[in-house]
Amino acid sequence: MWSFLVNIMKDVLSFFYQWTGNYGVAVILLTVVVKAVLYPLTHQQFKSMRDMQKIQPMMKELQDKYKDKPEELQKRMLNLYKEHKVNPLGGCLPLLIQMPILFMLYSAVLSFKTAFATEGFLWISNLALPDIPLLLLYAVSLYLSSKMTVTDPSQAQTQNTMAVMMPFVFTFMAWIYKWPAAFILYWLVFNILSTAQQYFIMRAPDKEKQQNLDK
């Protein structure tokens, strides 16, 4: 099954290359296709984050009120989740499902490494080798998307620290392990699309509130 799915990605990438004549553009189009397939999962992920953000004040109130009664606090929290139809794991499960797809794509990209070595895109002369400007762009996009995931004000400092550390760690790993620029290009485009989707979903509560005020 693994080889079958990897071969599908390779066939799609080859199709887009034959259509566009450029592997950089082909990788971007493949990214759009993968993003479209994963759209329901990422939509659920960001919706869960938005819902958790909405009930944060109530969670904080319960934590303060029952801080000396852990069993009662747990019971009240579960009731809160049930009442507002919030799944605290809703933001994690979609991420776990996406990981195998990322590994499949990496395997597909590696199979084109020889072809990527003779292909450039924008300022990138070799899509088979790491590219520092592209890595920096990805780091910036990851930082911005990480900042948007801050949903609990009480953990804002920790989450802001993670927003700084994650881009540094991923950029370092990409350089040390010499991840091909084609793979980083996929990550960059996917992250930009996901950040845009997250932005509009996280803004949805404000729109609903405004509509209620207009009424």
Side-chain angles (χ1 to χ4, degrees), residues 1-43 45-46 93-149 162-199:
M1 177 61 72
W2 179 271
S3 299
F4 174 73
L5 294 175
V6 171
N7 287 333
I8 289 179
M9 287 193 173
K10 290 166 61 176
D11 290 342
V12 173
L13 186 59
S14 295
F15 170 77
F16 283 138
Y17 175 72
Q18 294 173 4
W19 184 37
T20 64
N22 184 277
Y23 276 116
V25 178
V27 168
I28 291 175
L29 292 176
L30 175 61
T31 307
V32 173
V33 170
V34 174
K35 177 61 183 174
V37 172
L38 294 177
Y39 180 86
L41 289 176
T42 51
H43 180 82
Q45 173 190 349
F46 297 139
L93 295 178
L95 283 176
L96 295 177
I97 297 174
Q98 292 176 53
M99 291 306 295
I101 296 177
L102 185 64
F103 293 138
M104 291 175 198
L105 181 80
Y106 185 68
S107 298
V109 166
L110 286 183
S111 68
F112 283 85
K113 198 167 184 179
T114 301
F116 287 155
T118 60
E119 187 78 37
F121 178 68
L122 298 178
W123 68 86
I124 307 169
S125 59
N126 189 335
L127 287 168
L129 297 177
D131 182 80
I132 294 179
L134 187 63
L135 278 174
L136 293 177
L137 281 175
Y138 173 70
V140 171
S141 74
L142 184 58
Y143 171 76
L144 294 176
S145 62
S146 298
K147 290 285 287 184
M148 290 179 61
T149 63
M162 289 297 296
V164 174
M165 290 300 298
M166 284 181 60
F168 175 79
V169 170
F170 276 98
T171 302
F172 179 76
M173 290 177 58
W175 180 255
I176 290 297
Y177 292 104
K178 300 186 182 302
W179 290 347
F183 186 58
I184 302 302
L185 179 61
Y186 164 85
W187 264 15
L188 173 62
V189 175
F190 189 92
N191 199 49
I192 290 174
L193 294 175
S194 294
T195 302
Q197 181 186 8
Q198 180 182 358
Y199 174 76

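Of the inter-residue distances, the one linking Tyr138 atom OH with Ile184 atom CD1 reads 7.0 Å to the nearest 0.5 angstrom.
Sorted by first and then second residue, the side chain to side chain donor-acceptor pair (under 3.5 Å) pairs involving residues 123-135 (not counting sequence neighbours) are Trp123-Asp131.
In this structure, Phe116 and Ala128 approach most closely via the heavy-atom pair CB-N, 3.7 Å. The two residues Ser141 and Leu188 come nearest to each other via the heavy atoms OG-CD1, 3.7 Å. Taking all atoms of both residues into account, the shortest heavy-atom contact from Leu134 to Ala181 is CD2-O, 3.2 Å.
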Table please: side-chain donor-acceptor pairs of residues 10-19 below 3.5 Å, with sequence neighbours left out.
unit_1 : atom_1 : unit_2 : atom_2 : d
Ser14  : OG     : Lys10  : O      : 3.0

Please tabulate, for side-chain N and O atoms in residues 105-112, each donor-acceptor pair with protein atoms closer than 3.5 Å (sequence neighbours left out).
unit_1 : atom_1 : unit_2 : atom_2 : d
Ser107 : OG     : Phe103 : O      : 3.1
Ser111 : OG     : Ala108 : O      : 2.5

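Not counting sequence neighbours, Thr31 has no partner by the side-chain hydrogen bond (donor to acceptor under 3.5 Å, both in side chains) test. Remark: Ile28 engages Phe121, Leu185, Val189 in a side chain to side chain contact (heavy atoms under 4.5 Å, CB included) (not counting sequence neighbours). For Asn7, the side-chain hydrogen bond (donor to acceptor under 3.5 Å, both in side chains) test picks out no residue, with sequence neighbours left out. Scored by the ring pair (Phe, Tyr, Trp, His ring centres under 6.0 Å) test, Tyr39 finds His43 as partners (sequence neighbours excluded). Residues passing the side-chain hydrogen bond (donor to acceptor under 3.5 Å, both in side chains) test with Lys35, sequence neighbours excluded: Thr42, Ser194, Gln197.
In this structure, Trp179 and Phe183 have perpendicular ring planes: the angle between them is above 60°, well past the 30° mark.
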